[in-house]
Participant: 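Below: one structure in structure tokens.
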Amino acid sequence: YGAGAPAIDAVALEPFLGPCRVIHALDAGPLVRPEHLAPFADQLPPRVLVRTMRHAPTTWWPDFTAFAPDTIAWLAARDVRLVGIDAQS
């Protein structure tokens, strides 16, 4: 996803398949920060999904939670290659 990146039909599936860890960061506030994920630092596979909501909203939720930029860098430093979050898109 990004300028100059290949279209989705040209992307290999391998990064999306394999072990994954779902981390609950309920009530994290507006940003998921490294400290929310730190208790799992030694147990991170290459794929991490973060749950931030107790229930999926049925309408647009303006106060959704996102990753802080330093959290993405923190995950990358631990060889995490795929991240996901339950925020609306």
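In this chain, numbering begins with 1 at the start of the sequence shown. Please read these numbers as outputs of a predicted model, since none were measured by experiment.
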Participant: For Ile23, check side-chain contact (heavy atoms from CB on, under 4.5 Å) against everything at least two apart and list the hits.
Facilitator: Arg21, Leu37, Phe40, Leu44, Val48
Participant: So which atom in Arg47 and which in Pro15 form the shortest heavy-atom distance, rounded to 0.1 Å?
Facilitator: NE-O, 2.9 Å
Participant: Same cluster or not: Trp74 versus Val80, using hydrophobic residues (I, L, V, M, F, W, Y) connected whenever any side-chain heavy atoms lie under 4.5 Å apart?
Facilitator: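 Hydrophobic grouping puts Trp74 with Val80.
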Participant: Is the backbone N or O of Ala68 less than 3.5 Å from a side-chain atom of Arg33, with the two atoms forming a donor-acceptor pair by type?
Facilitator: no
Participant: Please identify each residue that fulfils side-chain contact (heavy atoms from CB on, under 4.5 Å) with Val22, with sequence neighbours left out.
Facilitator: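 Listed in chain order: His24, Leu49.
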Participant: Taking Trp61's backbone N and O only, do any of them form a donor-acceptor pair with Gln88's side chain (distance below 3.5 Å, no angle check)?
Facilitator: yes
Participant: Could you give the distance from CZ (Phe64) to CD1 (Ile85), rounded to the nearest 0.5 Å?
Facilitator: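 Answer rounded to 0.5 Å: 9.0 Å.
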Participant: Just do the side-chain contact (heavy atoms from CB on, under 4.5 Å) check on Leu26 and Thr52 with the steps written out, would you?
Facilitator: CA-CA 4 Å; Leu26 302 172; Thr52 64; 5.7 Å; no
Participant: Check side-chain contact (heavy atoms from CB on, under 4.5 Å) between Ala66 and all other residues, then give those that pass, not counting sequence neighbours.
Facilitator: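 Leu31.
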Participant: Any chance you could measure Met53, atom CE, to His55, atom NE2, to the nearest 0.5 Å?
Facilitator: 11.0 Å
Participant: Assess whether side-chain contact (heavy atoms from CB on, under 4.5 Å) is satisfied between Asp27 and Arg54, documenting all intermediate values.
Facilitator: CA-CA 9 Å; Asp27 304 318; Arg54 296 182 189 281; 2.6 Å; yes
Participant: Has Arg81 got a side-chain atom pairing as donor or acceptor with Phe16's backbone, closer than 3.5 angstrom?
Facilitator: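 Between the backbone of Phe16 and the side chain of Arg81 there is no qualifying donor-acceptor contact (under 3.5 Å).
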Participant: Do Leu82 and Pro46 have side chains that get closer than 4.5 Å, going by heavy atoms?
Facilitator: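 Not in contact.
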Participant: Could you point out which residue of Val50, Val32, Val83, Asp70 forms a side chain to side chain contact (heavy atoms under 4.5 Å, CB included) with Leu75?
Facilitator: Val83
